[in-house]
Amino acid sequence: MKPYVISNVGMTLDGKLSTVENDTRISGENDLKRVHQIRKDVDAIMVGIGTVLKDNPKLTIHKIPLENNKNPVRIVVDSNLRIPLDSRVLNEDAKTVIATTEYGSLEQSEKIKRIEKIKELESIENVEIIYSGNLKVDLELLMGKLSKMDIKSILLEGGGTLNWGMFEKNLVDEVRVYVAPKIFGGSNAPTYVDGDGFKTLEDCVNLELIDYYQMDEGIVLEYFIKKDNNQENQE
Ligand SMILES: NC(=O)c1ccc[n+]([C@@H]2O[C@H](COP(=O)([O-])OP(=O)(O)OC[C@H]3O[C@@H](n4cnc5c(N)ncnc54)[C@H](O)[C@@H]3O)[C@@H](O)[C@H]2O)c1
Ligand SMILES: Nc1nc(=O)c(N)c(NC[C@H](O)[C@H](O)[C@H](O)COP(=O)(O)O)[nH]1
């Protein structure tokens, strides 16, 4: 069994997650509260290292009341252990899992040095490094390992590269997006799903709309992923 994965983003009408100059102000206050409600409902929140490096997020519940003082586990997918030691996700507010590779493009000796540094952190009791795949994190393997850690549900909060990795491997179960009535443009601005992209309609992900409603100045769309994708695409 793999964890149930909900993918959420705030994007512009043209699918951008930020401007070319990394202005990420897309969601309004009510939408961020909606995101924090999902954080509260799941066992873990997952992001790629790109998002940690650009946004330095806390990935805790702090826009709505926190009950039982229990934040979800934070998961950072970080093939080459680029995570800065002063990242907010490494604070003591919640447990953090750093998912990295067994062998990567990084020299093994350099990787061992970085692991040692992470282990020296004061908050070390809250930080766990897990290994899956080579060169880049094997996301399917990772899901299996997280499941064994009793993580049954995950909120995937991007960015576009990790989102692609998860959609490509058919690991997402549900999508919830906030669409702001804005257009950022720019072929170098990150989009909801980046990466290589599917080559044909037969390969793409199909979704089923389950709900939509207005929020702040935009709209929230909620979908289930159709799991019989291949069959659907061949009809
Ligand atoms: N508006 C939103 O809702 C929202 C949410 C999150 C991020 N963002 C934006 O997204 C941007 C960051 O996105 P990004 O694409 O640069 O980085 P990302 O957060 O998607 O992280 C990418 C990293 O994930 C790691 N990774 C390891 N294994 C992988 C695999 N198998 N598949 C895919 N990735 C793997 C790699 O190290 C890769 O560099 C920032 O601009 C951030 O502000 C916006
Ligand atoms: N839903 C959403 N709408 C946005 O307009 C936006 N910029 C993000 N961005 C996601 C990104 O990862 C942020 O950095 C974290 O949402 C911040 O999380 P914290 O408050 O630090 O816990 N997400």
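We use all heavy atoms of the structure for the numbers below, so side chains are in, but hydrogens, waters and symmetry mates are not. Every number for a ligand or one of its atoms is a count from 1 in the order of the listing.
A donor atom on one side chain and an acceptor atom on the other are not found under 3.5 Å apart for Asn8 and Arg39.
Every atom of ligand 1 is numbered from 1 in the order shown, and the set under 4.0 Å from a heavy atom of Leu139 is 30 (C), 31 (N), 32 (N). Annotation for ligand 1: atoms under 4.0 Å from non-hydrogen atoms of Asp55 are 42 (C), 43 (O). Remark: ligand 1 atoms within the under-4.0 Å shell around heavy atoms of Gly48 are 18 (P), 19 (O), 21 (O), 24 (O). The distance from ligand 1 to the heavy atoms of Ser79 drops below 4.0 Å at these ligand atoms: 26 (N), 27 (C), 28 (N), 37 (O). Atom numbering of ligand 1 starts at 1 in the shown order; those under 4.0 Å from a heavy atom of Gly165 are 32 (N). Distances below 4.0 Å separate heavy atoms of Val9 from the following atoms of ligand 1: 3 (O).
Transitive grouping of hydrophobic side chains (ILVMFWY, heavy atoms separated by less than 4.5 Å) brings Leu171 and Val77 into a common cluster. Linking ILVMFWY side-chain heavy atoms closer than 4.5 Å, directly or via other members, places Tyr223 and Ile154 in a single hydrophobic cluster. Transitive grouping of hydrophobic side chains (ILVMFWY, heavy atoms separated by less than 4.5 Å) brings Ile210 and Ile38 into a common cluster. Transitive grouping of hydrophobic side chains (ILVMFWY, heavy atoms separated by less than 4.5 Å) keeps Tyr4 and Ile75 in distinct clusters. In this structure, Leu221 is a member of the same hydrophobic cluster as Ile183, with clusters built from ILVMFWY side-chain heavy atoms closer than 4.5 Å.
Scanning all protein heavy atoms for the shortest distance to atom 28 (N) of ligand 1 gives Val137 N, 3.2 Å. Atom 17 (O) of ligand 1 has Gly50 CA, 3.3 Å as its closest protein atom, hydrogens excluded (heavy atom only). Nearest non-hydrogen protein atom to atom 26 (N) of ligand 1 is Val77 CG1, 3.6 Å. Looking from atom 5 (C) of ligand 1 to the surrounding protein, the closest heavy atom is Glu157 O, 3.2 Å. Nearest protein heavy-atom neighbour of atom 18 (P) of ligand 1: Gly159 N, 3.5 Å. For atom 44 (C) of ligand 1, the closest non-hydrogen atom on the protein side is Leu17 CB, 3.5 Å. In terms of protein heavy atoms, atom 40 (C) of ligand 1 is closest to Lys54 CD, 3.8 Å. Protein heavy atom in closest approach to atom 14 (P) of ligand 1: Thr161 OG1, 3.6 Å.
Contacts between Thr24 and ligand 1, counted as non-hydrogen atom pairs separated by less than 4.0 Å, involve the side chain only. Contact annotation: for Asn22 versus ligand 1, heavy atoms closer than 4.0 Å belong to the side chain alone. At a heavy-atom cutoff of 4.0 Å, ligand 1 is contacted by the side chain of Ser18 but not by its backbone.
A salt bridge between Arg25 and Asp23 is present, with a side-chain N of the basic residue lying under 4.0 Å from a carboxylate O of the acidic one. Look at Asp31 and Lys33 and you find no salt bridge, because none of the NZ, NE, NH1 or NH2 atoms lies under 4.0 Å from a carboxylate O. The residues Lys2 and Glu140 are annotated as not salt-bridged, no charged nitrogen and carboxylate oxygen being separated by less than 4.0 angstrom. Ion pairing between Asp211 and Arg176 fails under the 4.0 Å rule for side-chain N and carboxylate O.
Atom-to-atom distance recorded for Ile26:CD1 and Tyr178:OH is 9.5 Å, nearest 0.5 angstrom. Rounded to the nearest 0.5 Å, atoms NZ (Lys58) and CG (Asp93) are 8.5 Å apart. Note: Asn126 CG to Asn91 CG = 8.5 Å, rounded to the nearest 0.5 Å.
Asn134 places a side-chain N or O within 3.5 Å of a backbone atom of Tyr103 that can act as its donor or acceptor partner. Counting only distance, with no hydrogens or angles, the side chain of Asn71 and the backbone of Ala94 share no donor-acceptor pair below 3.5 Å.
Some N or O of Gly10 is nearer than 3.5 Å to an N or O of ligand 1, by distance alone. Considering backbone and side-chain atoms together, Lys136 places no N or O closer than 3.5 Å to any N or O of ligand 1. At least one N or O atom of Thr51 sits closer than 3.5 Å to an N or O atom of ligand 1.
Here the closest non-hydrogen pair linking Ile115 and Tyr131 is CD1-OH, 3.3 Å.
Using a 4.0 angstrom heavy-atom cutoff, Arg82 counts as in contact with ligand 1. Residue contacts with ligand 1: Val47 is excluded, as none of its non-hydrogen atoms falls under 4.0 Å.
Ligand 2 is surrounded by Asn8, Gly10, Thr24, Ile26, Ser27, Val35, Arg39, Thr51, Asp55, Pro57, Lys58, Leu59, Thr60, His62, Glu157, each with at least one heavy atom closer than 4.0 Å.
For Glu217, the salt bridge (charged side-chain N to carboxylate O under 4.0 Å, His left out) partners two or more places apart in sequence, or in a different chain, are Lys182.
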